Amino acid sequence: MITLTQAACDVLAAASPAEKIALSHRFAAAWRDGAIDEIGTARPSERPARPAKPELKHPHEMPKRRGAGSLANRIALLHAIAHIELNAIDLAWDLIARFATPELPRAFYDDWITVADQEATHHALLAERLAALGAAYGDLPAHDGLWQAAQATAHDLLARLAIVPLVLEARGLDVTPDMIEKLRRQGDAASVAVLEMIYRDEVGHVAAGQRWFRWDCARRGLDPVAAYRDLVRRYHGGGLKPPFNRAAREQAGFAAAFYENV
Ligand SMILES: [Fe+2]
Ligand SMILES: [Fe+2]
């Protein structure tokens with residue numbers, strides 16, 4: 001049977017979203033069933049394979065969204081989230097394959113495989129919503145900011161946990177309620193349902209992030225709050241953007257002492 005790190009590398013090497021999704025679900029089920037029981041030593045390449053479209057742009061070159069409330073605007077919003085979720089599939093598998101060591105407990109892999117499995121569902125549901133609106137993932141340009149953050153933290157598990165789940169996914173908790181409200185006002189109940197499910201799952205992803213961040217700090221003898229604030233200053237230029245969704249962050253076990261006034 002395939003090792004876990006090889007399975008992760010296979011998802012990362014798959015270019016088509018449909019294949020990434022199918023493999024993510026298959027490998028997550030195999031892990032849960034005990035059919036994958038070895039971690040192995042496979043390491044991912046620097047960048048995952050991606051489909052030819054969307055075209056990736058620098059975050060500053062992204063076209064501005066216009067015409068609030070229009071169908072085009074709604075498609076742009078769902079497309080942007082679909083892109084984040086596709087990145088999130090790769091980010092979860094990359095975390096597993098890049099940082100796998102014999103010292104990491106099984107619960108570490110359990111958590112991030114669950115995250116990968118859920119991200120695959122998130123992307124699939126958004127691709128369905130885009131199709132229902134006459135669009136498809138790849139129709140619009142997308143930005144490469146998430147993978148840039150992954151590459152900047154590829155050398156250090158603690159930095160990766162600080163920036164990916166505890167800055168970027170936590171930011172998702174801050175901005176999603178407004179997006180849900182916007183879609184609700186437009187009468188798009190199906191998209192609202194998808195975003196509500198994503199929001200619930202993402203609380204769990206931030207919870208996993210802070211759990212393993214604290215675990216890794218304890219292992220290194222670091223104070224988690226000080227370590228987080230230091231890593232954010234080092235790897236996330238410009239600091240953190242309020243307002244924060246304190247209730248959702250609290251639900252994820254992510255205390256305000258970490259992120260206020262960094
Ligand atoms: Fe997600
Ligand atoms: Fe997530």
Side-chain angles (χ1 to χ4, degrees), residues 8 11-12 14 17-25 27-28 31 48 50 54 77-99 107-130 137 142-150 153 157 159-180 183 190-213 228 236 240 244-245 247-254 258-259:
V11 178
L12 292 160
E19 203 185 340
K20 276 191 203 294
I21 291 164
L23 288 176
S24 294
H25 291 325
F27 292 142
W31 174 259
R50 288 288 170 78
L77 174 66
L78 295 170
H79 192 281
I81 308 170
H83 180 65
I84 291 170
E85 298 294 348
L86 188 70
N87 272 270
I89 300 170
D90 286 332
L91 286 166
W93 290 115
D94 188 84
L95 180 77
I96 291 164
R98 194 170 300 280
F99 299 108
F108 175 89
Y109 301 108
D110 288 342
D111 274 355
W112 297 108
I113 291 165
T114 299
V115 170
D117 202 19
Q118 291 178 341
E119 307 295 20
T121 300
H122 297 170
H123 179 82
L125 290 170
L126 288 160
E128 266 174 41
R129 286 307 303 143
L130 285 169
Y137 177 66
H143 71 73
D144 196 35
L146 292 175
W147 210 262
Q148 287 168 12
T153 56
L157 174 62
R160 174 66 64 84
L161 290 168
I163 302 306
V164 173
L166 296 180
V167 170
L168 302 174
E169 293 194 283
R171 171 91 184 136
L173 298 181
D174 301 337
V175 299
T176 304
D178 276 352
M179 293 175 178
I180 291 173
L183 290 164
S191 297
V192 167
V194 169
L195 259 69
E196 282 178 337
M197 177 196 175
I198 290 175
Y199 182 68
R200 279 194 301 275
D201 287 347
E202 296 299 335
V203 171
H205 302 180
V206 175
Q210 70 85 28
R211 192 155 54 243
W212 294 106
F213 185 83
Y228 176 77
H236 191 75
L240 301 178
F244 302 109
N245 183 344
R249 287 165 174 255
E250 197 61 50
Q251 214 188 323
F254 194 31
F258 281 85
Y259 56 80

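All of these numbers come straight from a predicted model, not from anything done at the bench. Whatever order the structure lists them in is the order used to number ligands and atoms, beginning at 1.
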In residues 247-254, what donor-acceptor pairs under 3.5 Å come from side-chain atoms, sequence neighbours left out?
| from | atom 1 | to | atom 2 | distance (Å) |
| --- | --- | --- | --- | --- |
| Arg249 | NE | Asp174 | OD1 | 3.0 |
| Arg249 | NH2 | Asp174 | OD2 | 2.8 |

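Applying the salt bridge (Lys or Arg N to Asp or Glu O under 4.0 Å) test to pairs two or more places apart or on separate chains, those with a residue in residues 111-126 are Arg32-Asp117, Asp111-Arg211.
Leu166 has its side chain out of reach of Phe258: every pair of non-hydrogen atoms, C-beta onward, lies at least 4.5 Å apart. Proximity of Leu78 to Val194: side-chain heavy atoms (C-beta onward) are nowhere separated by under 4.5 Å.
Taking a cut-off of 2.8 Å, the protein N, O or S atoms nearer than that to the Fe ion (ligand 2) are Glu119 OE2, Glu169 OE2, Glu202 OE1, Glu202 OE2, His205 ND1.
The side-chain hydrogen bond (donor to acceptor under 3.5 Å, both in side chains) test with Tyr137 singles out one residue from Glu85, His83, His79, His123, and that residue is His83.
Evaluation of the side-chain hydrogen bond (donor to acceptor under 3.5 Å, both in side chains) rule for Tyr109 yields no partner, not counting sequence neighbours.
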